[in-house]
Colleague: 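Here it is, the structure in full.
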Amino acid sequence: MASKTKEVSDQQQPTLHTGEGGEVHQVAAPGQAVLTTNHGMPISDDHNSLRAGPRGAVLLEDMVLREKIFHFDHERIPERVVHARGLAAHGYFELTDSLSDLTTALVLGEVGEKTPVFVRFSTVAGNRGSADLARDVRGFAVKFYTKQGNWDLVGNNIPVFFIQDAMKFPDLAHAVKEEPDRGFPQAQSAHDTFWDWIAMTPEAMHMVMWQMSDRTIPRSMRMMQGFGVHTFRLVDAEGKSTFVKFHWTPKLGLQSVIWDEAVKINGADPDFHRRDLYNAIDNGDYPEWELGVQLFSEEEAAGFDFDHLDSTKLIPEEVVPLRVIGRLVLDRNPANVHAETEQVAFCTQNLVPGIDFSDDPLLHGRNFSYLDTQLSRLGSVNFNQIPINAPKCPFANMQRDGHMQTFVQPQRVTYTPSLLDPSGPRESHDKGFRSFPSPMSGEKQRERSPTFADHYSQARQFFISQTVPEQDHIVAALIFELSKVESDLVRSTMLGHLYTIEEEIGERVAAGLGHDLDIVPAQPAVPVRGDLEPASSLSILARALPPLKGRMLAALVTEGASAALVGSLFDAVAGVDAQLKIVCPTIGGVTLDDGSQLKADHQLAGGPSVLFDAVTVIATEDGAAILSVEAAAVAWVHDAFAHLKVIGYNADAAALLDVAGVDEDAGIVLLDGEAQPFIDAASNGRVWEREQNVRTVF
Ligand code: HDD
C-alpha cells in the first residue's frame with residue numbers, strides 16, 4: 001500500500017523535497033523540525049502574538065503573526081464553476097490489447113505498459129461542501145500521464161449529454177445550480193429553473209431520462225461506469241483515422257441506491273462516496289475498471305441511426321460492440337486534497353499524438369472552456385507546473401515567465417528559429433501531434449445539422465430498455481422532481497415532452513402528480529421512432545448480478561447475543577470478500593454469550609442501515625425487547641426492509657422485525673446458528689419483488 005507519510009530527510013532544518021509524484025513539500029527529521037516562517041526564519045513562539053506588555057495591544061511589527069494570518073486568509077481558491085465537489089485517487093492504466101494498428105498513441109499501443117493516472121470523480125451541480133448522494137450526474141475525469149504527454153479523458157458516468165452545442169452550457173449550468181436570487185436549492189435539480197430550462201430544451205430529453213434513472217444515485221464511485229461521451233478519432237502512422245468512443249466498466253459491477261436511501265445517506269454520512277473510495281484504497285481493496293472501445297469507420301458512421309457527432313446520442317453496444325483493451329486500477333489516495341484533488345486541471349484539449357478530436361461541436365467548445373477556467377481557478381498560466389498537472393515525460397518549449405513561474409530557465413534564446421542556439425527544442429514532424437486532415441467546406445452559419453434533429457427516439461429507447469423496477473424508478477424520480485416545481489406551466493410543458501417520449505411515461509407521471517392541467521404538447525421536429533429495439537446494455541439490472549465483493553454488510557448485535565452466529569457471519573462475509581460492520585446500542589460494544597467482547601464499529605444511531613448493502617440482527621430475547629422500543633433500532637430494520645435489502649435474523653430477534661413491520665419474503669432470512677443462508681440471499685442483490693409492497697408505484 002502506498003505510504004501516506006511524506007518522505008523525511010535527515011537534515012535538521014525543514015527543507016523542500018520533491019516526492020515520488022514530483023510534489024514539493026516541507027520535511028524534516030521527526031522530532032527535529034524547527035517551526036519556521038515561509039522564508040525559513042525559525043520561530044520562537046507560535047502561540048502568543050507580540051504585545052506591548054502582557055495586557056497591551058498587539059504590535060504591527062509582529063511579522064510572524066502577520067505572515068501566518070496572511071497565508072491563512074488566502075487558503076481557499078475559487079471552486080470549480082461546475083463539478084465543484086470531487087474526490088480523487090492515483091493509479092495506473094494497463095493496456096491489455098494493443099490498438100497499434102489503429103493509432104500511434106503509445107498509451108494504446110504497448111501491451112503491459114502501465115501508465116500513471118489521476119482520476120477525479122465529482123457531482124456537477126452542488127458546491128464543494130454539498131452532499132455526495134445528490135441526484136446528479138457524476139464526473140469521471142482521467143488524466144493519463146503518458147510518455148507522449150498528458151491525455152485527459154474528461155467524461156461522465158452517463159454516455160450522453162444535455163446539449164449539442166457548447167453555446168448552451170452556461171445556460172444549463174445557470175439553470176441547474178442554486179437559484180441566484182435565493183441561493184437554494186443546493187445540489188438539486190428538483191427546482192423551477194432547472195425544469196423551466198429543460199422544458200424549453202428538447203435536445204436534453206435523452207439525457208434527462210438517464211438523469212432520472214438510478215444512474216445518478218450510484219452506490220459507490222467504484223460501482224459506476226464512465227464514458228468519454230464524444231466520438232474521438234484514432235489516427236495511425238499512415239494518417240488513417242478510425243472513430244472511437246471510450247467506456248469504463250467497473251469490475252465490481254454496477255449498483256445504485258434507492259432514492260429514499262440516498263436522501264437518508266445524505267444526512268447520515270454526507271461523505272459516503274468519498275469515505276467509501278478512500279477506505280477501499282486504504283484497505284488495499286483497489287477499485288478497477290475495464291476500458292472498452294467502440295471502433296467504427298466513417299462509412300459505418302454514415303449508416304448509423306444517429307449522427308455520431310451529436311453528444312446527445314449514443315451508439316448501443318448491441319450495434320457497435322465493446323472491445324476491452326485495458327484496465328484502470330486506483331491504488332493510492334491523494335496525500336493532500338488541496339494540492340491534488342482541487343488543483344488538478346483537466347483540459348479536454350490535452351491529447352497525445354494518435355488521438356484526435358472529431359467534429360463534435362460540443363467538444364470544440366469544451367476545448368476552450370477547460371483551459372480558460374483554470375486561469376480563474378488556479379490564478380496563473382503556469383498551472384501546468386503544479387505537480388499534479390505536470391507531465392511525467394520530458395517537456396520543453398519557449399513559453400516563459402508569467403505569475404508564479406517556478407522554473408528557473410537559464411536559456412538566452414527563448415524563440416525559434418535561431419542560429420545562436422541550434423540545440424534548443426524544435427518541432428518534430430514525425431513525433432509531433434498532427435491534426436487529422438478532415439476535409440471541411442460550407443458556408444459560415446449558426447445552424448444545427450438536420451441529422452441532430454431527433455430528440456425523442458433515443459430517450460424512448462432508453463426507457464424501454466430498462467427492467468420494470470428501473471422504469472418504476474424513472475417515473476418516481478420524475479414525479480418527485482416535478483412535484484418540487486412550482487410553475488404549472490413548466491410542469492405541463494414537461495409532461496408534454498414525456499408523453500412524446502412514450503405515452504406511458506407521461507400518463508404515469510401525470511397520475512403520480514395528480515395533475516389535472518392541460519398538457520402542453522411537444523412538437524418534435526421529426527417523428528419519434530418506434531422501431532428502435534430495447535438495448536439491455538443501457539440497463540443496470542439487466543446485467544449479470546454484481547458480486548458481494550467490496551460491499552458493506554452490517555450486524556446489529558445486542559448484549560449476550562450468540563458468539564457462534566456472529567463468528568459464522570464474520571466467516572461467511574470474508575468468504576465473499578465483503579466487509580462486516582458491527583452496530584451496537586453503545587460504541588463500547590457488547591459481551592457475547594461465551595463471555596467474549598465484540599467491538600462496535602458504530603453506535604446504533606450513528607450507523608443507520610442505509611450505510612450498508614444487507615443487514616442482520618443478532619439479538620437475545622431481552623435485547624430484541626429493548627430495541628423494539630428504540631426508534632433508531634426500529635428505523636434500522638424498517639429502512640432496510642423498505643430499501644429492499646436482505647435481512648438476516650436469529651429467532652430471538654423476530655420481535656424487532658415484527659415491530660418494524662417486516663413481512664416475510666425471499667429476502668428475510670431466519671438464521672439457525674449459521675450465517676451462510678444470509679450471504680446466499682444477499683448475493684442475489686436487492687429484493688425487487690418487495691418494492692410494490694412498500695411504496696406506491698404509479
Ligand atoms: Fe465539463 C468540469 C465533464 C461539457 C465546462 N466537466 C468538468 C468535469 C467533468 C466534466 C468530469 C470535472 C473535471 C474535474 O474533475 O476537474 N463536461 C463534462 C462532460 C461534458 C461536459 C462529460 C459533455 C460531454 N463542460 C461541458 C461543456 C462546457 C464545460 C459543454 C463548457 C462549454 N466543465 C466545464 C468547465 C469545468 C468543467 C467549466 C469546471 C471546472 C473545470 O472545467 O476544470 O470548464
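When a ligand or atom number is given, it counts from 1 through the structure's own listing order.
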Colleague: Is the shortest side-chain N to carboxylate O distance from Arg448 to Glu203 below 4.0 Å?
Modeller: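 Yes, Arg448 and Glu203 are salt-bridged.
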
Colleague: Look at atom 41 (C) of ligand 1 and find which of Thr341, Ile158, Thr373 reaches it with the closest heavy atom.
Modeller: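 Selected option, by shortest heavy-atom distance: Thr373.
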
Colleague: Does ligand 1 have any atom sitting under 4.0 Å from a heavy atom of Ser311?
Modeller: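 Ser311: no contact with ligand 1 (<4.0 Å).
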
Colleague: Distance to the ring centre below 6.0 angstrom and angle to the axis at most 45 degrees; does that hold for Lys143 and Phe118?
Modeller: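 Lys143 over Phe118 ring: no.
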
Colleague: Ignoring hydrogens and geometry beyond distance, is a side-chain donor-acceptor pair present between Gln405 and Gln385 at under 3.5 Å?
Modeller: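 There is such a pair (donor and acceptor under 3.5 Å, judged by atom type) between the side chains of Gln405 and Gln385.
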
Colleague: Can you sort out which atoms of ligand 1 are near Val229, meaning under 4.0 Å from one of its heavy atoms?
Modeller: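 Taking each heavy atom of Val229 in turn, ligand 1 has 22 (C), 24 (C) under 4.0 Å.
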
Colleague: Number the atoms of ligand 1 from 1 as they appear, then name those within less than 4.0 Å of a heavy atom of Val81, with their elements.
Modeller: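 By the 4.0 Å cutoff, the relevant atoms are 38 (C).
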
Colleague: Checking side-chain hydrogen bond (donor to acceptor under 3.5 Å, both in side chains) against His191, which of Glu179, Arg182, Lys484 comes through?
Modeller: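 Passing option: Glu179.
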
Colleague: Count the heavy atoms of every other residue, nucleotide or ligand shown that sit under 6.0 Å from CZ of Phe395, and state whether that count exceeds 12.
Modeller: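 Atom CZ in Phe395 is packed in, count exceeds 12.
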
Colleague: Taking distance alone, with N or O pairs closer than 3.5 Å, would you say Ser122 contacts ligand 1?
Modeller: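 Checking ligand 1 against Ser122, no N or O pair falls under 3.5 Å apart.
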
Colleague: Provide the number and element of each atom of ligand 1 under 4.0 Å from a heavy atom of Arg80.
Modeller: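 Going through ligand 1 atom by atom, the ones under 4.0 Å from Arg80 are 14 (C), 16 (O), 40 (C).
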
Colleague: Tell me, please, which residues at least two apart from Asp305 pass side-chain contact (heavy atoms from CB on, under 4.5 Å).
Modeller: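 Only Arg529, Leu532 meet the side-chain contact (heavy atoms from CB on, under 4.5 Å) criterion with Asp305.
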
Colleague: I'd like to check which ligand 1 atoms, numbered from 1 as shown, lie under 4.0 Å from a non-hydrogen atom of Phe346.
Modeller: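 Checking each atom against Phe346, I get 13 (C), 14 (C), 15 (O), 16 (O).
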
Colleague: With a heavy-atom distance limit of 4.0 Å, tell me whether Asn156 approaches ligand 1 through its side chain, its backbone, both, or neither.
Modeller: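 Answer for Asn156: both.
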
Colleague: Strictly by modelled atom types, are Arg233 and Ser241 linked by a side-chain donor-acceptor pair under 3.5 Å?
Modeller: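 Side chains of Arg233 and Ser241: pair found under 3.5 Å.
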
Colleague: Just checking, Lys245 and Phe232: is the charged tip under 6.0 Å from the six-membered ring centre and within 45° of the axis?
Modeller: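 Relative to the ring axis of Phe232, which defines the angle, Lys245 lies outside at least one limit.
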
Colleague: Sorted by chain and residue number, which protein N/O/S atoms are under 2.8 Å from atom 1 (Fe) of ligand 1?
Modeller: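 Sorted hits: Tyr370 OH.
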
Colleague: Gln225 and side-chain hydrogen bond (donor to acceptor under 3.5 Å, both in side chains): which single residue from His247, Arg215, Arg138 fits?
Modeller: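 Exactly one pass, corresponding to Arg215.
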
Colleague: So is His230 in contact with ligand 1, going by heavy-atom distances below 4.0 Å?
Modeller: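 In this structure, His230 qualifies as a contact of ligand 1 - some heavy atom is under 4.0 Å.
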
Colleague: Would one find an N or O of Arg120, backbone or side chain, under 3.5 Å from an N or O of ligand 1?
Modeller: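 Looking only at distances, the answer is yes, because the N/O contact criterion of under 3.5 Å is met.
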
Colleague: Mark yes when over 12 heavy atoms from residues, nucleotides or ligands other than Phe407 sit less than 6.0 Å from its CZ; otherwise mark no.
Modeller: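 Yes, enclosed.
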
Colleague: Counting only nitrogen or oxygen atoms and a 3.5 angstrom limit, does Gln374 reach ligand 1?
Modeller: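 Right, the criterion is met.
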
Colleague: Checking Arg327 against Trp289: charged group under 6.0 Å from the ring centre and within 45 degrees of the axis?
Modeller: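 Judged by the rule, Arg327 and Trp289 form no cation-pi pair.
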
Colleague: Which residue holds the protein heavy atom closest to atom 11 (C) of ligand 1, what is that atom called, and what is the gap in Å?
Modeller: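 Going by distance alone, atom 11 (C) of ligand 1 is nearest to Gly155 O, 3.2 Å.
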
Colleague: Applying salt bridge (Lys or Arg N to Asp or Glu O under 4.0 Å), run through Lys147 and Glu113 and close with a yes or a no.
Modeller: CA-CA 10 Å; Lys147 291 175 183 166; Glu113 178 73 15; 3.4 Å; yes

